[in-house]
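The next block holds one structure in the form of structure tokens; read it before the comments.
Letters A, B, ... mirror the listed sequences (proteins, then strands); counts begin at 1.
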There are 2 protein chains.
Amino acid sequence: MSEGNTAGSGRKPRLDRARVLSAALELVDEEGLEALTMRRLGQRLGRDPMSLYRYAENRSALLDGLTELVLGQLTVPHGMDWQATLRGAAHDMRRLALLHPNVVPLLMTRPLSTPLGLRPHGTVRPLEQILALLIDAGFTPAAALHVYRAFYAFLYGHLLNELQELVANPDESDAVLRLGLYHLPAKEFPRLRALAPVLADYDGARELDEGLGILLSGLAAALTATDK
Amino acid sequence: MSEGNTAGSGRKPRLDRARVLSAALELVDEEGLEALTMRRLGQRLGRDPMSLYRYAENRSALLDGLTELVLGQLTVPHGMDWQATLRGAAHDMRRLALLHPNVVPLLMTRPLSTPLGLRPHGTVRPLEQILALLIDAGFTPAAALHVYRAFYAFLYGHLLNELQELVANPDESDAVLRLGLYHLPAKEFPRLRALAPVLADYDGARELDEGLGILLSGLAAALTATDK
DNA sequence: CCCCTGAAGTCTACAATGTAGGCATACGGG
DNA sequence: CCCGTATGCCTACATTGTAGACTTCAGGGG
């Protein structure tokens, strides 16, 4: 019986920020954000909860660390024209979101409470990279910022959209059941209910791609007209 | 001395779901989401915390109630063409977000954990209204859904974007200071830091409007080409 | 080899939170 | 007037984040 090391295998290989964060990420991936408590995380690492404070100041900083860990894995591709690059980055971001759906709320809302300059550098780097890309492609810095913002907005919004479709019974193919649509009074929500079949086969990658296509080409047109 | 009724004025005018929710909204508006605890809310209403459970099952349901209360105030305008209507709705949504910035994280993330059919009806109604609008404007139901999704994505993403600019010292006009940009190493983030002046005068309404213009006209073009 | 210093980890303790379960009380219909 | 039901309150508890003091331990200078 010995002791409560849930993870079991490795024996006390000296803690370390990266180790803490990735354990936290595993925990959140497996059991959701609520499960990420200092005590549970300590237990999973076979350590006293209090040890964590050597590596994370407080729980909120731990959450920031999580977003940093995930966003740090985002790769902005090289050697293509700017539109293809942005598309590539968007799809990679989508991949990360689907890989860690429970972290998505953090990705969306953490920045709301942290000014740009104080965010973990890893989370700001993609912004810098993309600005560089756009400026090298000939955009004015100000125009580059506009493009980035529109891109970011649509991307993040799309992810919010897409992850809603995963909710509930992911193994149920009938959208009426899967999304609990039968709870909506038919008189009040006729169009929505009629859309059940369409809701049933949602293709996130494609929807993202088409939206981006429209947005990016539109931006290119609008901006070349003025100051690009 | 009497008792701990912080709100002071009114004396026990019988509780009621609407009263509870709007007190919760005030509390969140004034002191942020963290301040919304059962005890604080009870105190503000001059009631025992436990009374709240008559009107809100649990804290999570209270948060859902908040999003419902705010989204219920969204008005989708009438009597214009579909693009103008969507624009109008977007600006009204923006108004609500700026009015209740602390609730925005809820608006963005609550739907992620609640299937469509189980959401408070007030939060689904705008979706139905907009679908109706688009279908009446001649779109296929499926096409209407696509338009709605792109619209919603950009709108929500834009709000995430815009609310980040409010963070930190809202009364400081210098963006370097206001956003803490001096914390970013100049070698690693040159473009971003150079953009400080542009970041300083951000016009959210305009940015929203221009993005929407591009997106909506692009959508119209793409869809009339196929099945609108 | 020993001891000493700082870091790494742990223990104890506390205030705050959500909420279950039982009780009081006030109100409205017979 | 009386009683049943909805409304509100009280007590109690398990769980959380985290402060502060203590322990353990690695490793480097005498």
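- An OP1 or OP2 oxygen of C/dA8 is reached within less than 4.0 angstrom by no side-chain nitrogen or oxygen of A/Ser51.
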**Prompt:** Which letter, B, S or -, goes with each nucleotide of nucleotides 14-23 of chain D from 5' to 3', with contact meaning a protein heavy atom under 4.0 Å?
**Reply:** --BBBBB---

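- With sequence neighbours excluded, the residues that form a side-chain contact (heavy atoms from CB on, under 4.5 Å) with B/Leu208 are B/Ala90, B/His91, B/Arg94, B/Phe154, B/Leu155, B/His158, B/Leu212.
- Every residue was checked against the side chain to side chain donor-acceptor pair (under 3.5 Å) condition with A/Glu34, not counting sequence neighbours, and none meets it.
- Distance A/Leu52 CG to C/dC11 P: 14 Å, rounded to the nearest Å.
- To the nearest angstrom, P of D/dT24 lies 17 Å from CZ of A/Arg14.
- Here the side chain of A/Asp48 is nearest to one of D/dC9, C/dT10, C/dC27, namely C/dT10.
- For the contact set between residues 20-29 of chain A and DNA chain D, defined by any heavy atom under 4.0 Å, there are no members.
- Shown here are the ring-ring contact (aromatic ring centres under 6.0 Å, His included) partners of B/Tyr152, two or more places apart in sequence or in another chain: B/Tyr148, B/Tyr156.
- A salt bridge links B/Arg44 with B/Glu26; the closest basic N to acidic carboxylate O contact falls under 4.0 Å.
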Distance-only check: which donor-acceptor pairs under 3.5 Å involve side-chain atoms of residues 101-109 of chain A, not counting sequence neighbours?
from: A/Asn102; atom 1: ND2; to: A/Val28; atom 2: O; distance (Å): 2.8
from: A/Asn102; atom 1: ND2; to: A/Asp29; atom 2: O; distance (Å): 3.4
from: A/Thr109; atom 1: OG1; to: A/Pro105; atom 2: O; distance (Å): 2.7

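- For B/Arg17 and D/dT7, the CZ to P distance is 14 Å, given to the nearest whole Å.
- Within the structure, ring-ring contact (aromatic ring centres under 6.0 Å, His included) pairs that include any residue of residues 185-208 of chain B comprise A/His121-B/Phe189 (at least two apart or interchain).
- The CG atom of B/Leu41 sits 12 Å away from the P atom of C/dT17 (whole-angstrom rounding).
- Computed from coordinates, the B/Arg47 CZ to C/dT25 P distance equals 16 Å when rounded to whole Å.
- With sequence neighbours excluded, the residues satisfying side-chain contact (heavy atoms from CB on, under 4.5 Å) with B/Thr37 are B/Arg39, B/Arg40.
- For D/dG8, the OP1/OP2 oxygens have a side-chain nitrogen or oxygen of B/Tyr55 closer than 4.0 Å.
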Pair up each side-chain donor or acceptor in residues 122-130 of chain A with any protein partner under 3.5 Å, not counting sequence neighbours, and list the distances.
from: A/Thr123; atom 1: OG1; to: A/Pro120; atom 2: O; distance (Å): 2.8
from: A/Arg125; atom 1: NE; to: B/Glu188; atom 2: OE2; distance (Å): 2.9
from: A/Arg125; atom 1: NH2; to: B/Glu188; atom 2: OE2; distance (Å): 2.7
from: A/Glu128; atom 1: OE1; to: B/Leu192; atom 2: N; distance (Å): 3.0
from: A/Glu128; atom 1: OE2; to: B/Arg191; atom 2: N; distance (Å): 3.0

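- The pair B/Arg95-B/Asp92 counts as a salt bridge, with a side-chain nitrogen and a carboxylate oxygen less than 4.0 angstrom apart.
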